[in-house]
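Order of the sequence lines fixes the chain letters, A, B, ..., with proteins taken first and strands second; residue numbering starts at 1 for each chain.
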Number of protein chains: 2
Amino acid sequence: MSTTGKEPEAVILEAARKVFIINGYEGSSMQMIADEAGMNKALLHYYFRNKDRLFEAIFIEAFGKMAPRLHQIIVSDRSFEEKIRGFVDEYISTLIEIPEIPLFIMHELRRNPERIIKLVSSSGIDPRKVAGLIKEEMKQGGIREIDPYQLLINLLSLCIFPFAARPIIEGFIFEGDARRFDAFLQQRKKEVADFILNAIKK
Amino acid sequence: MSTTGKEPEAVILEAARKVFIINGYEGSSMQMIADEAGMNKALLHYYFRNKDRLFEAIFIEAFGKMAPRLHQIIVSDRSFEEKIRGFVDEYISTLIEIPEIPLFIMHELRRNPERIIKLVSSSGIDPRKVAGLIKEEMKQGGIREIDPYQLLINLLSLCIFPFAARPIIEGFIFEGDARRFDAFLQQRKKEVADFILNAIKK
DNA sequence: GTCTATATTGTGATAGAC
DNA sequence: GTCTATCACAATATAGAC
């Protein structure tokens, strides 16, 4: 009860989020989460039966932050160029806020791909419709027509990859200088949109 | 000794490769590797002192398959277009053979970023030189000049991301149909090269 | 609800027989 | 070199006091 100030459930979830998203399922222990939450291991089991259930709550939440935005922009009634620019800008901005999420999702999805089925079916997104929509717009927009799936993956690749590969890029290309990498990401919003729009121009 | 038929060391390494690359460091146990190798746990410790050393052998090998190819093509004396086409084609072809490597490297590098420093310094690749080379070629090649780092990351993103995100893409976009995904990858070699070259054309 | 204590299993690693 | 047996410890999870 209490005045909804800091229910243990919320505290646990916040701690679990931090620990799981950084270390992954196998790299995280209930003890780590308990420490982060400032309480006892047993309490985690009291509120969330076991590690799996606690993890699932975090994973679904993280997945939900990534998938639906894409769909929303694609099916809006803006112009094609505005859709591309809008998506790239919003997506990269979001990822700057939660940069660990892409790699987290990719890794955990690889560990347990069956989970996708549940999530996809519950998301209500029909990839065929999205592809059809893109194809339609390419015809009308005076744009070089390419496979809509390739375009879709290109869009996602250019937005997401730098975050998933951050340690490599930051270490390898920017010599470990985080500020250069951040500046790179800010500039990237415009750069990626331009890149895509140029690539599909006739 | 023996006639180099199947030295235990090689058998262990092959087993460790399979297990580590799929499950990651924390997701793998010495028992799993021993089972895969068809021998006893203790033997793994006999040949490779501990789990860390065994893992390091696998990680360095995997990393070595990804990084140097890029450099080799970039510094060759082919034309700019040929470099792009050559790199994309060879890189995607390689990744089709070893599709789990990108995610493996990304995840493990996140877990222990310090490891990069050692590897980068020993690879002899100077990112500044590579960027300078790209910049020079853009001037000569009659190409729209963009930040060479952005171009480099775009190149890598478009090649690597589909492999790292395979379960998501295959499940989410291709409805779990692996054959459609494979066809998609084959087509992608040409598609990505065209996409990039169009994007940087004046 | 929240803690301590504990049961149980799995892990990396080593000792020692052969 | 290769095995069995075992140690020391960390993990998930539960029982039970308060």
Going by the rule salt bridge (Lys or Arg N to Asp or Glu O under 4.0 Å), which residues pair with A:Lys201 if we only count those two or more places apart in sequence or in a different chain? none
I need the full list of salt bridge (Lys or Arg N to Asp or Glu O under 4.0 Å) pairs touching residues 100-111 of chain A, with sequence neighbours left out, sorted by first then second residue. A:Glu108-A:Arg111
Mind calculating the distance between OH (A:Tyr47) and P (D:dA13) to the nearest angstrom? 18 Å
When the distance from CZ of B:Phe48 to C1' of D:dG1 is rounded to whole Å, what number comes out? 15 Å
Salt bridge (Lys or Arg N to Asp or Glu O under 4.0 Å) against B:Arg188, all qualifying residues, sequence neighbours excluded: none
Using a 4.0 Å cut-off on heavy atoms, which residues in residues 10-18 of chain A reach DNA chain D? List them by number, or say none. none
Can you build the contact string for nucleotides 11-18 of chain C? Use B for base contact, S for sugar-phosphate-only contact, and - for no protein heavy atom under 4.0 Å. SBBB----
Provide the full list of salt bridge (Lys or Arg N to Asp or Glu O under 4.0 Å) pairs with a residue in residues 164-179 of chain B, sequence neighbours left out, each pair given once. A:Arg128-B:Glu175, B:Arg166-B:Glu170, B:Arg166-B:Asp182, B:Glu175-B:Arg180
Interatomic distance, B:Lys6 NZ vs D:dG1 P [rounded to whole Å]: 19 Å
Going by ring-ring contact (aromatic ring centres under 6.0 Å, His included), name the pairs with one or both residues in residues 18-44 of chain A, residues two or more places apart or in two chains. A:Phe20-A:Phe55, A:Tyr25-A:Phe55
ring-ring contact (aromatic ring centres under 6.0 Å, His included) test vs A:Tyr149 passes for just one of B:Phe174, B:Phe184, B:Phe181, namely B:Phe174
Please state how far atom CG in A:Leu43 lies from atom C1' in D:dA15, giving the value in whole angstrom units. 15 Å
So salt bridge (Lys or Arg N to Asp or Glu O under 4.0 Å) across residues 131-140 of chain B, not counting sequence neighbours, yields B:Lys83-B:Glu137
Which residue pairs satisfy the salt bridge (Lys or Arg N to Asp or Glu O under 4.0 Å) criterion with at least one member in residues 28-53 of chain B, sequence neighbours excluded? B:Lys18-B:Glu36
